[in-house]
Amino acid sequence: MKNLLVYSLMLGLFVLTGCEQTLDEELQTGYSEEQVFSSEEGLESALNGLYVSYSGGAYHGSAYHGLLAPISGKFYSNQGASEDATSLNCTPINTWLTRLWPSMYETINIANLIISNIEGAPEDAFTNGDSVLGQAYFIRAAVYFDMVRLFGGVPIRTESVNKETLYLPRNTKQEVYDLIIADFNRAKELLGEPGEVTPGRPAKYAANMFLAKVYMTLAGEDRGNPSLWQNAYDEAIVVLDKYSLTPTFAELFDPGNENTSESIFEIQYGQNGAIRNSDVVRFYTPQQSLFAPPEQTTFGRVKPNKEVFDSHINQYPGDPRIDATFIYNSYDRLRGGRIQPQDLYPVQLRGNFGYAFLRKYLDPTYNGTTTSRNMLKLRYADLLLMLAEIENELNGPANAYQYVNQVLARARNTADGTADQPADFAGLSQDEFRTRILKERQYELLGEGHEWYDTRRRGYEYFLEEVVEEHNTHPTFDDRTDYVYPVSVKNMLLPIPSDELAANRELSPADQNPGY
């Protein structure tokens, strides 16, 4: 799975355009839907088309980072297309937003076609039918889980698009969650054990872990229902010891070190084809640096906020993860054929270089179009931190330390020995543990796509105190580049794109999320 092929027939056959005229046009792919779903090879082609859509530039390969990193409140972007997101004033016409929404439904539509064709075939028609079907349910659930956390209730599509189903009303949030839970449970039944699946593809335990996240999110919204935390525990504990931490934190992000023992679900990329598959290297790599080939342009547009860097270094001054997570103080910059040092935060406090950079997506072989750097969607350290949080909610911190301290013990490991920091958790109250574990998720998982969800799932008061106020009152806040975050509950959800409200006859302006 490392080298995904871009199957033009799948992209041509399965793209959801949202345009009625396009649905009348004859597809010029050379393959009918019946032909694609007539063999094991055709199923694999369809599945690859599903992953191409899920990983593509309008979804995880670009828009996901360009929009969600800055609007999480944990990153700064100096890109004009992200200015409204960076200031936590996202508009319904944001460039990344209007790419992300249709790309999510494109991915869902491909999954729906796979599901309907396999479930409509004789039981013994395909030797790989269960595997492909399980992955289609898994990806459909994962996309809807992204959507319901970002937008709340959304239109539910469980069949491929045609003229009769082109326009759908908005479903309730609970209806979306019911589908997500059902799909992940179906995926658990169909997916194999880690040693039985193609490397880079999800095994059954990835569905368990996602379900645990679903129940944790619901528990944060319904704090009077402890059964949701128990449901989260029941799913998460199944994954315990099925994977293992890598010896050091830093090696997780060594270029070329993909699909490690810690990887539970990893979005695959490869340097093949002429279509741009990911912009994450360009987003995070400092411009004119030696971290990428000098002939390739990188922008370094998306950078951790100053309070994010300071929080980590103040909590754990000797944490080896700091050097593995951030580029800070300075870096070597190639200008006019000469290598010169460029100061960064915290040496430089103002301007576009008054920030640290994220180190996790460097690629010395980046060719300007494609990259081999995968995106970790689920990994074992995340699972351990989830179990720590769940156990603390159910029973207090006494038995929760064991999980988080595994992560901290690994964090102290370096290639040269063991550091003194970060120190193990100990002596915390339940409330103290609750706050600290979310900080620990930030230190361990920064830049891996969890920021939006972790800053919202504990409710508006948590978001206001831990994101908005921490940012606005930070001592090195620069009023020439930094934005004052608004005190507005609307930032608990993203707006529904204006394009969707205008094109979907089953939606009206009243369906827009509050505050937009």
Side-chain angles (χ1 to χ4, degrees), residues 74 209 212-213 215-217 219-220 223 226 229-230 232-237 239-250 252 262 264 304 307-326 376 378-414 417-448 450-451 453-455 457-459 461-463 465-467 470:
K74 297 295 182 179
M209 186 169 173
K213 286 182 178 288
Y215 288 121
M216 290 175 74
T217 304
R223 299 184 186 182
W229 285 110
Q230 185 62 51
Y233 178 84
D234 293 342
E235 297 292 343
I237 200 66
V239 190
L240 186 66
D241 296 333
K242 299 299 190 296
Y243 301 84
S244 61
L245 298 173
T246 58
T248 67
F249 174 85
L252 279 168
E262 190 163 337
I264 298 175
E307 68 273 11
V308 170
F309 176 85
D310 285 350
S311 176
H312 194 160
I313 205 165
N314 291 337
Q315 184 80 59
Y316 301 129
D319 189 344
R321 292 178 299 183
I322 294 169
D323 286 345
T325 299
F326 300 102
L376 283 159
L378 303 174
R379 62 181 174 96
Y380 192 56
D382 182 7
L383 185 277
L384 291 171
L385 295 175
M386 288 166 58
L387 276 168
E389 183 176 352
I390 295 165
E391 176 63 27
N392 181 62
E393 292 300 327
L394 287 173
N395 303 304
N399 290 319
Y401 294 128
Q402 60 178 315
Y403 302 118
V404 64
N405 287 344
Q406 287 186 56
V407 177
L408 296 175
R410 191 275 297 273
R412 294 191 291 269
N413 293 340
T414 69
T418 303
D420 293 331
Q421 297 240 352
D424 284 350
F425 276 26
L428 300 176
S429 68
Q430 187 179 43
D431 286 343
E432 290 169 337
F433 193 106
R434 181 179 293 126
T435 301
R436 280 287 304 280
I437 196 64
L438 285 172
K439 280 294 187 184
E440 201 57 46
R441 290 184 59 80
Q442 177 180 305
Y443 305 149
E444 175 73 20
L445 303 168
L446 185 69
E448 298 176 42
H450 303 281
E451 289 80 24
Y453 311 117
D454 281 348
T455 55
R457 64 182 172 85
R458 283 291 183 175
E461 290 304 317
Y462 175 86
F463 176 74
E465 294 174 11
E466 297 294 327
V467 178
E470 184 176 337

*Measure across P317 and I322 and return the closest heavy-atom pair with its distance rounded to 0.1 Å.*
O-CD1, 4.1 Å
*Working for side chain to side chain contact (heavy atoms under 4.5 Å, CB included), residues H450 and K213*: CA-CA 11 Å; H450 303 281; K213 286 182 178 288; 4.0 Å; yes
*asked:* As a quick check of understanding, evaluate salt bridge (charged side-chain N to carboxylate O under 4.0 Å, His left out) for D454 and K74, giving each step before the final call.
replied: CA-CA 11 Å; D454 281 348; K74 297 295 182 179; over 6 Å; no
_Pairwise salt bridge (charged side-chain N to carboxylate O under 4.0 Å, His left out) hits with a residue in residues 395-411, at least two apart_ = E262-R410, R410-E444
*asked:* Is there a side-chain contact between E235 and M386 in this structure, where contact means two heavy atoms from C-beta onward sitting under 4.5 Å apart?
replied: no
*Non-hydrogen atoms of L387 and A236 that approach each other most closely*: CD2-CB, 3.7 Å
*Would you tell me whether Y316 and E440 have side-chain atoms, one donor and one acceptor, within less than 3.5 Å of each other?*
yes
*Could you tell me how the ring of F326 sits relative to the ring of F309: parallel (under 30°), tilted (30 to 60°) or perpendicular (over 60°)?*
perpendicular
*Indicate whether the side chain of Y443 and that of S311 have a donor and an acceptor atom separated by less than 3.5 Å.*
yes
*With no hydrogens and no angle check, is any side-chain donor or acceptor of D382 less than 3.5 Å from a backbone partner on L378?*
no
*Side chain of Y401, backbone of L428: donor and acceptor closer than 3.5 Å?*
yes
Ignoring hydrogens and angles, write down the donor-acceptor pairs under 3.5 Å from the side chains of residues 418-425, residues two or more places apart or on other chains.
unit_1: D424; atom_1: OD1; unit_2: R412; atom_2: NH1; d: 2.9
unit_1: D424; atom_1: OD1; unit_2: R412; atom_2: NH2; d: 3.2

_Within this structure, what is the CD-CG distance for the pair Q230 and L394, rounded to the nearest 0.5 Å?_
5.5 Å
*Output the distance between atom CZ (F249) and atom CG (D323), rounded to the nearest 0.5 Å.*
11.0 Å
_Nearest 0.5 Å, please: how far is CZ in R379 from OG1 in T246?_
7.5 Å
*Is a donor on one side and an acceptor on the other found under 3.5 Å between the side chain of Q430 and the backbone of P397?*
no
*Given L408 and R321, is the side chain to side chain contact (heavy atoms under 4.5 Å, CB included) satisfied, shown in steps?*
CA-CA 10 Å; L408 296 175; R321 292 178 299 183; 3.9 Å; yes
*asked:* Quick check: closest heavy atoms across Y462 and T455, and the distance to 0.1 Å?
replied: CD2-O, 3.9 Å
_Contact between I237 and E391 at the side-chain level, heavy atoms closer than 4.5 Å - yes or no?_
no
*asked:* Holding to side chain to side chain donor-acceptor pair (under 3.5 Å), I want the full list of residues that pass it with N413, two or more places apart in sequence or in another chain.
replied: none
*Measure the OH-CG distance between Y403 and L384 for me, rounded to the nearest 0.5 Å.*
9.0 Å
_Exam field: side chain E393 to backbone E389, donor-acceptor pair closer than 3.5 Å_ = no
*Quick one: do R436 and F433 satisfy side chain to side chain contact (heavy atoms under 4.5 Å, CB included)? Show the steps, please.*
CA-CA 5 Å; R436 280 287 304 280; F433 193 106; 5.8 Å; no
_Using salt bridge (charged side-chain N to carboxylate O under 4.0 Å, His left out), reason through R434 and E466 one step at a time and then give a plain yes or no._
CA-CA 13 Å; R434 181 179 293 126; E466 297 294 327; over 6 Å; no
*Could you tell me whether the side chain of N392 reaches within less than 4.5 Å of the side chain of I437, counting heavy atoms only?*
no
*Got a second to check how far Q402's CD is from L240's CG, nearest 0.5 Å?*
8.0 Å
*What is the minimum heavy-atom distance between E451 and G447, and which atoms define it?*
OE2-N, 2.6 Å
_Let me confirm one number: the CG-CG distance from D241 to L383, rounded to the nearest 0.5 Å._
9.5 Å
